[in-house]
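In listed order, ligands and their atoms are each counted from 1.
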Amino acid sequence: MPKIAFIGAGRMASAMVKGLIRSQACQPQDITVISGADSTASDLARATGVRVAASPEELCAQANAVVLACKPQQFLQLDQRYPALTQGKCVLSILAGTRIATLSQFFSSARNVARAMPNTPGAVGQGITALCSASPLVKADQAMVSAILSGLGEIVELPESMFDAVTAVSGSGPGFFFEFVAAYEAAAVSLGFSPAQAQRLVRQTFAGSLSLLQSSSETPDELRNQVTSPGGTTKAGLDVMSSQQFRKLILNTLQAAKNRSEELGK
Ligand SMILES: NC(=O)c1ccc[n+]([C@@H]2O[C@H](COP(=O)([O-])OP(=O)(O)OC[C@H]3O[C@@H](n4cnc5c(N)ncnc54)[C@H](OP(=O)(O)O)[C@@H]3O)[C@@H](O)[C@H]2O)c1
């Protein structure tokens with residue numbers, strides 16, 4: 001069983017730790033965590049039985065892999081002993097916007113450095129995480145990294161050159177989706193439903209439509225056409241979406257998020 005160390009024990013680290021234990025890739029005693037000034041590490045230890053390290057030395061002593069799961073701004077204040085303590089180890093970072101070149105500069109003697117971009121549905125095991133690495137992961141590291149990230153949901157390997165785009169599409173995607181749901185629920189209330197009725201109607205409509213899409217071999221365009229008859233109600237609504245350039249709005253939204261990711265990575 002690999003021994004895994006987590007720098008950071010917040011929401012994302014907790015989801016990964018719980019996934020490792022749930023899948024039996026690790027026993028709780030094989031996982032060690034450390035946090036900042038607050039009590040997230042001891043909270044996670046109480047909930048899962050993992051060990052809390054009192055120092056960076058203790059955290060890294062037995063670890064085969066070190067997962068960096070603090071906030072990007074906290075990375076700048078990370079203990080300066082980590083570069084030496086991660087010598088020969090595999091380092092996996094989930095920090096948004098922090099590039100492999102920056103990570104490799106800090107973890108200068110690590111065996112390899114991998115970078116992942118998860119998303120918030122990972123907190124309930126339903127996310128999708130993009131993954132790349134400084135050099136190709138050897139088989140054992142690939143298995144270890146997969147075991148760590150699979151607690152967050154699916155994994156997709158992509159070159160780092162696609163990370164600003166993936167940050168827009170799947171990283172920020174939940175935010176765009178929640179905004180769409182909020183707007184749709186507010187519109188349903190405007191049509192006369194109570195907030196509770198609007199919530200029930202809208203969420204089950206979206207959940208059911210996604211289930212239908214995923215269980216079907218048809219494209220979203222084909223499924224849309226099946227509910228659109230000439231002169232019908234769906235057509236009347238779609239005409240408004242088209243005349244107000246809905247698709248251009250979505251394209252501009254993703255482009256803006258990608259541009260911002262590029263700026264933040266500089
Ligand atoms: N949440 C998302 O949707 C999402 C999506 C994609 C990527 N990410 C990335 O995931 C990372 C973690 O996000 P999160 O939402 O899990 O954050 P979080 O809940 O705020 O957790 C951050 C953790 O880092 C710890 N920490 C702070 N300073 C530290 C230090 N100097 N040494 C060791 N640990 C330290 C914190 O400890 P205390 O609070 O106990 O001090 C806390 O356990 C971020 O880098 C983010 O960019 C998150």
Side-chain angles (χ1 to χ4, degrees), residues 4-20 31-48 50-60 63 65-83 85-86 91-100 102-103 106-107 113-132 145 148-156 158 160 162-179 257-258 260-265:
I4 320 266
F6 283 82
I7 303 173
R11 278 173 304 164
M12 294 312 237
S14 298
M16 288 186 276
V17 163
K18 287 174 187 168
L20 279 166
I31 301 173
T32 311
V33 299
I34 198 165
S35 61
D38 294 334
S39 62
T40 49
S42 45
D43 294 345
L44 183 58
R46 232 186 337 272
T48 59
V50 300
R51 295 142 57 118
V52 178
S55 65
E57 281 87 355
E58 193 184 328
L59 181 80
C60 298
V66 176
V67 182
L68 183 61
C70 59
K71 292 283 191 195
Q73 59 272 27
Q74 295 162 340
F75 170 58
L76 303 173
Q77 285 120 41
L78 219 53
D79 195 294
Q80 290 300 317
R81 285 170 286 179
Y82 281 117
L85 292 169
T86 49
V91 173
L92 168 65
S93 161
I94 64 158
L95 269 54
T98 307
R99 298 189 191 283
I100 289 223
T102 308
L103 295 163
F106 184 77
F107 297 105
V113 174
R115 175 185 173 195
M117 177 66 210
N119 62 3
T120 45
V124 290
Q126 294 289 317
I128 183 155
T129 301
L131 175 68
C132 65
V145 166
I148 295 167
L149 293 177
S150 58
L152 301 175
E154 292 184 31
I155 302 164
V156 56
L158 288 169
E160 193 177 35
M162 291 305 292
F163 263 54
D164 292 314
V166 89
T167 299
V169 172
S170 56
S172 297
F176 306 142
F177 173 74
F178 296 135
E179 171 59 12
K258 177 174 178 275
R260 185 67 185 137
S261 175
E262 283 168 3
E263 281 167 17
L264 290 173

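- Legend: residues meeting ring-ring contact (aromatic ring centres under 6.0 Å, His included) with Tyr82, ordered by chain and number and at least two apart, are absent.
- Listed by chain and number, the residues in a side-chain contact (heavy atoms from CB on, under 4.5 Å) with Ala123 amount to none (sequence neighbours excluded).
- Taken from CG in Leu103 to CG in Leu92, the straight-line distance is 9.5 Å, to the nearest 0.5 Å.
- Closer than 4.0 angstrom to ligand 1 sit non-hydrogen atoms from Ile7, Gly8, Ala9, Gly10, Arg11, Met12, Ile34, Ser35, Gly36, Ala37, Asp38, Ser39, Thr40, Ala69, Cys70, Lys71, Pro72, Gln74, Leu78, Ile94, Leu95, Ala96, Met117, Pro118, Thr120.
- Pro72 meets the side-chain contact (heavy atoms from CB on, under 4.5 Å) test with Leu95, Thr98; sequence neighbours excluded.
- Salt bridge present: Arg81 and Glu57 bring a charged side-chain N and a carboxylate O closer than 4.0 Å.
- Remark: side-chain polar atoms of Thr167 are paired, donor with acceptor, to backbone N or O of Phe163 under 3.5 angstrom.
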